[in-house]
Amino acid sequence: MIIKAPKGTKDILPSEINDWYRIENIAKEIFKKANIKEIRTPIFEDTSLFERGVGDTTDIVNKEMYTFIKSDRSLTLRPENTAGTVRAYLEHNLYRESQPVKLWYKGPMFRYERPQAGRQRQFHQIGVEMFGVQDASIDAECIMIAVELLNKLGLKDLTVEINSLGCNTCRKEYKEVLKKTIAPFLSGLCQDCQSRFEKNPLRILDCKNEECNKLFEENNLRNKLTTINLCDECGTHYEKLKKYLNELNIKYVENPFLVRGLDYYTKTVFEIKSNNLGSQNAVCGGGRYDGLVETLGGSHTPAVGWAMGMERLNSLLDKISGEKIKFYVVSDNQLEAVKLTQKLREQGFGCEFDYNSRKFAKQLEKAAKTAEYAIILGEEEIKNNFYTVKNLNNSEQKKLSFDEVLTL
RNA sequence: GCGGGCAUCGCCAAGCGGUUAAGGCCUCGGAUUGUGGUUCCGAUAUACGUGGGUUCGAAUCCCACUGUCCGCCCCA
């Protein structure tokens, strides 16, 4: 019996690795221009980091974490990387550096969920976190960078959705209004919504349950509840963000029901959705989390960030075909072949040689699949100290010296 | 956690109760002894997810399990 990769995990094979590099390379360029620095944090963290950070009413923390105990310590495979980044920001006193601190990361995340299209148990995110700026201009920059990356990757049919969840004060009021308005219908709502009612009533508006939806529509609840009464500050912040996005020519749709399932979001939240994915259609999600640094033991520090699902991105992109190396040595003398290979590699060229002294026809066939040029090194060449070089794209063949080979 | 679909060689597949279980791709070898990508020939030496059952007989019918995919939920 062959052991298979665990459910919801995938091997990334050599034939697809270039697809990953493409995303990473384009992202790195963009991050560099924006002066965003890379950070790498552990793949597992103290369980309490996620309980406190992500929020213990969230699905992620409630039922999706890979948690294990090792010598009396409860550890958890990171389900997302904002909490870990904030932890590192605090642990290494990054708040004492000049602000804003702008960080990016990429790596595997783990959530115990039922796998389906665009959803795995181990998946990869690339993300950005920016600390220390209250002004909406950084929310705009954050979204701008995400959009730039998606555009550079050549993605089409994307929709940027935005919303504001308000800060703690206005949200508290809004929650009361929500609860008052929904209370009469509570018994008709689904179980999830019933438990959300106390813990996190904001999420009720997000419910996709048919009966809940019916109730909402019959009583026009959604429209009544759409407008969160943002306090002055939050209202201005949101208006400012929209103004920036308009000026930056970033098209967006306001989605008042965009309520994220992570507890730490405040004010701005956004998602970028693709129409070419299945039901898991968010390629990018993020928002502002002004309270998180404080929740995790720091002083009040505003922050914004987003994350993208790399395999979702990949599934939207054309596959890149494998690259060829420069040279392939065709020879019936393996010793000379490997020596030439060594010399060429030392000069910085990709080179392979044929391990079997088989017919040149076979070797050439392999060469054509592997390389741009075949270097034929037979008795005659060795005796007279030259190389027969064949361009495998156009079949041109020349007799060259070693130095001439280097100019190819 | 709840629904639904699917499981035939490395990949794509035909087959729908009695076949030596097609075919294509890929890989490997060969077509008079140093030249590929086209063509031709051949090979991959018991491939029907697993375990039960029905039947004279099952890849084809039934059951269970497992895997996978698609939805719900949630999210990236």
ask   = Side chain of A:R119, base of B:C74: donor and acceptor closer than 3.5 Å?
value =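 Yes, the side chain and the base share a sub-3.5 Å donor-acceptor pair.
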
message = If you go through the side-chain atoms of A:Q280, does one of them form a donor-acceptor pair with the base of B:C74 closer than 3.5 Å?
response =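 Indeed there is one.
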
Across all strands shown, which nucleotide pairs with [N] by Watson-Crick or G-U wobble geometry, both distances under 3.5 Å?
N	result
B:G36	none
B:U55	none
B:U60	none
B:G3	B:C70
B:C25	B:G10
B:A47	none

Can you establish whether the number of heavy atoms outside [X] located under 6.0 Å from its atom [atom1] is more than 12?
X	atom1	result
A:N384	CG	yes
A:K383	NZ	no
A:F44	CZ	no

request  = Using a 4.5 Å cut-off on heavy atoms from C-beta on, say whether the side chain of A:P79 contacts that of A:M109.
outcome  =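 A side-chain contact under 4.5 Å is absent here.
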
request  = Go through the steps to decide whether A:S331 and A:N333 satisfy the test side-chain hydrogen bond (donor to acceptor under 3.5 Å, both in side chains), and finish with yes or no.
outcome  = CA-CA 5 Å; A:S331 178; A:N333 184 329; 5.4 Å; no

ask   = Does A:K369 put a side-chain nitrogen or oxygen below 4.0 Å from OP1 or OP2 of B:C26?
value =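 Answer is no, no contact under 4.0 Å.
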
task = Report yes if a side-chain nitrogen or oxygen of A:K362 is closer than 4.0 Å to either non-bridging phosphate oxygen (OP1 or OP2) of B:C28; otherwise report no.
result =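 No.
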
For [N] and [M], measure between their [atom1] atoms and round to the nearest Å.
N	M	atom1	value
B:G3	B:U55	P	32 Å
B:A64	B:C69	P	22 Å
B:U27	B:C70	P	29 Å
B:A76	B:G15	P	44 Å
B:G36	B:A22	P	34 Å
B:G34	B:C25	P	28 Å
B:A47	B:A13	C1'	13 Å
B:G67	B:C48	C1'	16 Å

Protein-nucleotide distance ([X], atom [atom1]; [N], atom [atom2]), rounded to Å:
X	N	atom1	atom2	answer
A:D11	B:G10	CG	C1'	15 Å
A:K383	B:G34	NZ	C1'	14 Å
A:I382	B:G34	CD1	P	15 Å
A:R111	B:A76	CZ	C1'	6 Å
A:E379	B:U35	CD	C1'	16 Å
A:E113	B:C70	CD	P	14 Å
A:K366	B:C26	NZ	C1'	14 Å
A:K359	B:G37	NZ	P	14 Å

Whether [Y] and [X] form a salt bridge (side-chain N of Lys/Arg under 4.0 Å from carboxylate O of Asp/Glu) is what I want to check.
X	Y	answer
A:E239	A:K242	yes
A:K102	A:E141	yes
A:E29	A:K152	no
A:E233	A:K267	yes

Name the closest nucleotide to the [X] side chain, picking from [options].
X	options	value
A:F360	B:U35, B:G36, B:A76	B:U35
A:E64	B:G34, B:G29, B:C74	B:C74
A:S279	B:G34, B:A76, B:G71	B:G71
A:D59	B:C74, B:G34, B:A76	B:C74
A:L364	B:G36, B:G29, B:A76	B:G36

Short side-chain donor-acceptor distance under 3.5 Å, [Y] and [X]:
X	Y	value
A:Q397	A:T388	no
A:E129	A:Y289	yes
A:S279	A:Q116	yes

Checking all strands, does [X] fall into the base, sugar-phosphate, or nothing category for heavy-atom contacts under 4.0 angstrom?
X	answer
A:E380	base
A:I126	nothing
A:K390	base
A:G127	nothing
A:A307	sugar-phosphate
A:E80	nothing

key: Nucleic acid contacts - residues 325-341 of chain A versus RNA chain B, non-hydrogen atoms under 4.0 Å   =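 Correct list: empty, so none.
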
key: Any residue of residues 391-403 of chain A with a heavy atom less than 4.0 Å from an atom of RNA chain B   =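 Here the set is A:N391, A:L392, A:N393, A:S395, A:Q397.
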
Restricting both atoms to N or O, compile the protein contacts to nucleotides 65-69 of chain B shorter than 3.5 Å, with distance only.
| unit_1 | atom_1 | unit_2 | atom_2 | d |
| --- | --- | --- | --- | --- |
| B:U68 | OP2 | A:K7 | NZ | 3.4 |

task = Would you verify whether the NZ or CZ of A:K240 falls within 45 degrees of the ring axis of A:Y244 while also being under 6.0 Å from that six-membered ring's centre?
result =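 A:K240 over A:Y244 ring: no.
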
task = Decide whether a cation-pi geometry holds between A:R40 and A:Y105; the criteria are a distance under 6.0 Å from NZ or CZ to the six-membered ring centre and an angle within 45° of the ring axis.
result =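 The answer is no, since A:R40 fails at least one limit relative to A:Y105.
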
request  = May I ask you to decide if the ring planes of A:Y373 and A:F327 are parallel, tilted or perpendicular, using 30° and 60° as cut-offs?
outcome  =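 Judged by the thresholds at 30° and 60°, the geometry between A:Y373 and A:F327 is tilted.
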
